[in-house]
Peer 1: 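Have a look at this one before I ask anything.
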Amino acid sequence: MEDIREFSLSELEERIKELSEPSYRAGQIYGWLHKKHVGSFSDMSNISKVLREKLSDRYFITRLRKLEVLVSRIDGTRKYLFSLGDGNVIEAVLMRYHYGNSVCISSQVGCRMGCRFCASTLDGLVRNLTAAEMLSEVYAIEDDTGERVSNIVIMGSGEPLDNYDEVVRFLRMISDKDGLNISQRNITLSTCGIVPRIYELAKLRLQITLALSLHAPTQEKRLITMPIAKAYELSEVLEACRAYSEETGRRVTFEYAVVKDVNDSLEDAVRLSAMAAKLHAHINLIPVNPVRECGFSEPDQKKLMEFRDELLKHGSNVTIRREMGRDIDSACGQLRRRYIADAGLRAD
Ligand code: SAH
């Protein structure tokens, strides 16, 4: 059986035609799925019973089950743990900003990129998420809060460009006027730097922001924390980012997790600043969120400010990412790992 939430409106129209139904029905069904977020054909009250039965014989509708919601007492950040149809669990986070609600979604169950500071990758990749599952992360959070989501960041567990086709389908559908209609300019895709996929994405000329997880100012340093650097040299990744920026007219963001004694020297800042200048990139500094298994720690506040000031001195465009939900295990993959570990204990 196929997941009906996976189809674009035109794909759904074709399938409705095959059932000898008028094509406007597809629009109605699409609205139920992507505007009203129903989880069952029986909720589609303006669709005839006969058609609903035909649909449920052929298709199912993805549903995420909410297992846990952790609410930060500091800033109201809500971290969700959802289970998928096959029992796998994923995380998504709602962050409330002055400009609106931003949802951070996962693109895979686990991850195979192996970045040394990241909890999502510790147990490897389980599987890709479908576009319908990614859409459902956003829908479930809107339904839970009753509030509209205005921004999306693909920065949860997983490497989006390692799940390219489904992520592109997701991007098109979430920004589709017949669905949630979220402006592409309000969507950020974060990647560790899979070069050929960055070129492919550039060719689509979507208006999304590309964020590169840079995390090091030289190839040598990048190799310490990011195995992907073995496959793609830093210079190649930067070239791909330039192509993205030229093709789409969008400014790229460099994400830089500042790790104590690894990449936080003033010399690192000078190099980083030169790299950003070449691409007119925006730099987002994130004090590394310590993950027990990884053994990295964050610099103290004074050191972080000195690092930022050095960037500013060299003319960089830089922000320090406000840490959201530090009290609720908000670093990628931490909640899922805790849940799985607890489930293991319960099973024993
Ligand atoms: N795979 C994608 C997106 C998911 S990770 C990527 O690599 O960009 C989202 C961001 O969080 C990435 O920049 C990632 O490097 C960063 N990140 C992961 N673990 C972190 C930690 N413990 N502290 C700070 N940032 C972290």
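On a predicted model such as this, the values are computed, not experimentally measured, just so you know. Every number for a ligand or one of its atoms is a count from 1 in the order of the listing.
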Peer 1: Looking only at heavy atoms, is any part of Leu212 under 4.0 Å from ligand 1, and if so is it the side chain, the backbone, or both, or is it neither?
Peer 2: neither

Peer 1: Looking at Tyr59 versus Phe7, is the centre-to-centre ring distance below 6.0 Å?
Peer 2: yes

Peer 1: Any idea which atoms of ligand 1 are less than 4.0 Å away from a heavy-atom of His215?
Peer 2: 13 (O), 14 (C), 15 (O)

Peer 1: Per the side-chain hydrogen bond (donor to acceptor under 3.5 Å, both in side chains) rule, which among Thr253, Thr209, Thr319 passes with His282?
Peer 2: Thr319

Peer 1: Return a yes/no value for Pro290: is any of its N or O atoms, backbone included, closer than 3.5 angstrom to an N or O of ligand 1?
Peer 2: no

Peer 1: Taking 4.0 angstrom as the limit and counting only heavy atoms of Val291, give me the atoms of ligand 1 inside it, by number and element.
Peer 2: 22 (N)

Peer 1: In a check of side chain to side chain contact (heavy atoms under 4.5 Å, CB included) between Leu279 and each of Arg242, Glu246, Glu239, which one passes?
Peer 2: Arg242

Peer 1: Report the residue from Ile154, Thr248, Ile152, Leu171 that forms a side chain to side chain contact (heavy atoms under 4.5 Å, CB included) with Ile208.
Peer 2: Leu171

Peer 1: Can you tell which part of Met113 has a heavy atom less than 4.0 Å from ligand 1: side chain, backbone, both or neither?
Peer 2: neither

Peer 1: Within ligand 1, which atoms have a heavy atom of Cys192 less than 4.0 Å away?
Peer 2: 6 (C), 7 (O), 8 (O)

Peer 1: Answer yes or no: does an N/O atom from Pro160 fall short of 3.5 Å to an N/O atom of ligand 1?
Peer 2: no

Peer 1: Could you see which bit of Val288 sits under 4.0 Å from ligand 1, with heavy atoms only: side chain, backbone, both or neither?
Peer 2: both

Peer 1: As an exercise, identify every atom of ligand 1 less than 4.0 angstrom from a heavy atom of Gly158.
Peer 2: 1 (N), 2 (C), 3 (C), 4 (C)

Peer 1: When you check the gap from the basic side-chain N to the acidic O, do Glu200 and Arg197 get nearer than 4.0 Å?
Peer 2: yes

Peer 1: Check whether the ring centres of Tyr80 and Phe82 lie less than 6.0 Å apart, and answer yes or no.
Peer 2: yes

Peer 1: Show which side-chain atoms of residues 97-104 pair as donor or acceptor with protein atoms under 3.5 Å away, not counting sequence neighbours.
Peer 2:
unit_1: Asn101; atom_1: ND2; unit_2: Glu147; atom_2: OE1; d: 2.8
unit_1: Asn101; atom_1: ND2; unit_2: Arg148; atom_2: O; d: 3.4

Peer 1: Give a yes/no verdict on whether any heavy atom in Gly156 is under 4.0 Å from an atom of ligand 1.
Peer 2: yes

Peer 1: I'd like to check the side-chain contact (heavy atoms from CB on, under 4.5 Å) partners of Asp165; sequence neighbours left out, ordered by chain and number.
Peer 2: none

Peer 1: Which atoms of ligand 1 have any heavy atom of Asn289 under 4.0 Å away?
Peer 2: 21 (C), 22 (N), 23 (N), 24 (C)

Peer 1: Would you please indicate yes or no on a ring centroid separation below 6.0 angstrom for Phe117 and His215?
Peer 2: yes

Peer 1: Quick one: does Glu255 get a heavy atom under 4.0 Å from ligand 1?
Peer 2: yes

Peer 1: Please list, in number order, the atoms of ligand 1 under 4.0 Å from a heavy atom of Cys118.
Peer 2: 18 (C), 19 (N)

